[in-house]
Amino acid sequence: HPTYRRGREDVLPELARRGRVSFDFSDHMDDGYADELLPFVHVAEFSAAALDDRDCADLTRWAAARGPAYVLVTRGSKGATLFDGAVSVSVSAASSLVIDSLGAGDSFIGRALYGLIHGEPAQVLLAASARAAARTCSTWGAYGHGMDMDDLRGVHSRMSWPGGCR
């Protein structure tokens with residue numbers, strides 16, 4: 001699951017030959033970035049909170065026509081849409097006390113991919129993904145809210161790791 005920030009677009013064709021690839025294009029929809037990559041992607045994800053319903057539908061059709069089996073568009077408080085090239089299913093955002101939205105999109109995408117892998121119906125996987133994103137919004141994100149190293153050592157010493165790893 002690469003993203004536009006990784007700088008490894010050159011390996012995408014090889015990854016696609018070896019298996020199904022999902023790719024997070026974030027808000028790179030109309031700058032030409034996605035054009036050459038979409039043919040190698042099985043699930044394309046876009047973040048498009050600013051789009052209205054019509055523009056979102058246009059985006060899903062445009063992206064799907066270039067190769068992906070699925071196009072997932074997260075739209076913040078407007079919910080999300082999954083398009084499989086024929087059917088578009090949308091879900092409202094789950095309610096949450098928003099403390100920090102950092103990571104909400106990643107939580108949504110991770111849960112959606114789980115649902116696709118396990119054959120969940122679109123409405124089910126989207127609703128579960130919306131709940132996962134809402135949970136993420138209800139806590140502080142990773143940046144600017146770090147723990148003091150002594151506190152972190154205390155948490156680490158109380159954690160149980162599978163296989164005894166530390």
Side-chain angles (χ1 to χ4, degrees), residues 1-13 15-16 18-139 141-143:
H1 174 76
T3 71
Y4 75 96
R5 289 181 226 134
R6 298 286 184 229
R8 295 306 321 257
E9 293 84 355
D10 58 321
V11 300
L12 201 56
L15 288 174
R18 293 174 182 249
R20 294 179 174 171
V21 176
S22 68
F23 196 99
D24 183 357
F25 290 96
S26 186
D27 59 358
H28 292 274
M29 322 168 219
D30 55 7
D31 60 3
Y33 176 79
D35 293 335
E36 292 181 22
L37 302 176
L38 284 168
F40 303 105
V41 173
H42 184 71
V43 183
E45 298 99 7
F46 294 92
S47 177
L51 295 186
D52 62 22
D53 292 345
R54 182 180 180 161
D55 289 339
C56 180
D58 289 346
L59 171 61
T60 60
R61 286 191 300 272
W62 170 82
R66 281 151 182 76
Y70 298 96
V71 179
L72 176 64
V73 181
T74 58
R75 300 175 63 205
S77 63
K78 293 185 240 175
T81 298
L82 180 66
F83 182 61
D84 68 3
V87 177
S88 181
V89 177
S90 296
V91 66
S92 298
S95 64
S96 176
L97 171 63
V98 178
I99 294 173
D100 188 343
S101 64
L102 180 67
D106 294 324
S107 294
F108 194 103
I109 291 169
R111 180 54 182 86
L113 292 173
Y114 173 89
L116 287 171
I117 289 168
H118 291 281
E120 292 178 349
Q123 192 67 41
V124 171
L125 74 88
L126 286 173
S129 300
R131 290 190 301 273
R135 281 191 302 277
T136 298
C137 288
S138 69
T139 62
Y143 299 110

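In what follows, every heavy atom counts, from backbone to side chain, and hydrogens, waters and symmetry copies are set aside.
- Take D52 and apply the side chain to side chain contact (heavy atoms under 4.5 Å, CB included) test, not counting sequence neighbours, and it matches R54, D55.
- For A48 against L59, the heavy-atom pair with the smallest separation is CB-CD2, 4.4 Å.
- A donor-acceptor pair is defined here as one N or O able to donate and one able to accept, closer than 3.5 Å; such a pair exists between the side chain of R75 and the backbone of L51.
- Within 6.0 Å of atom CZ in R20, 12 or fewer heavy atoms from other residues, nucleotides or ligands are found, so the atom counts as exposed in its surroundings.
- Among residue pairs with one or both ends in residues 39-66, those qualifying as ring-ring contact (aromatic ring centres under 6.0 Å, His included) are F25-F46, H42-Y70; sequence neighbours excluded.
- The OH atom of Y114 sits 11.0 Å away from the CG atom of L125 when rounded to the nearest 0.5 Å.
- Closest heavy-atom contact between M29 and S47: CE-O, 3.3 Å.
- Atoms OG and CZ, on S129 and F108 in that order, are 4.5 Å from each other to the nearest 0.5 Å.
- Atoms CG and OG1, from L82 and T74 in turn, are 11.5 Å apart once rounded to the nearest 0.5 Å.
- To the nearest 0.5 Å, atoms CG (D35) and NE2 (H28) are separated by 12.5 Å.
- A distance of 11.0 Å separates CG of D58 from CG of D53, quoted to the nearest 0.5 Å.
- Heavy atoms only, all atoms of each residue included: A63 and V71 are closest at CB-CG2, 3.7 Å.
- With rounding to the nearest 0.5 Å, the separation of OG in S88 from CZ in R61 is 8.5 Å.
- Side chains of L113 and L72 form no contact here, defined as non-hydrogen atoms less than 4.5 Å apart.
- Scanning all heavy atoms of the two residues, the minimum distance from A93 to G76 falls at CB-O, 3.6 Å.
- Listed here is the closest heavy atom pair of T136 and S107: OG1-OG, 2.5 Å.
- The two residues A94 and A130 come nearest to each other via the heavy atoms CB-O, 3.5 Å.
- At a threshold of 4.5 Å between non-hydrogen side-chain atoms, the residues V41 and L12 count as touching.
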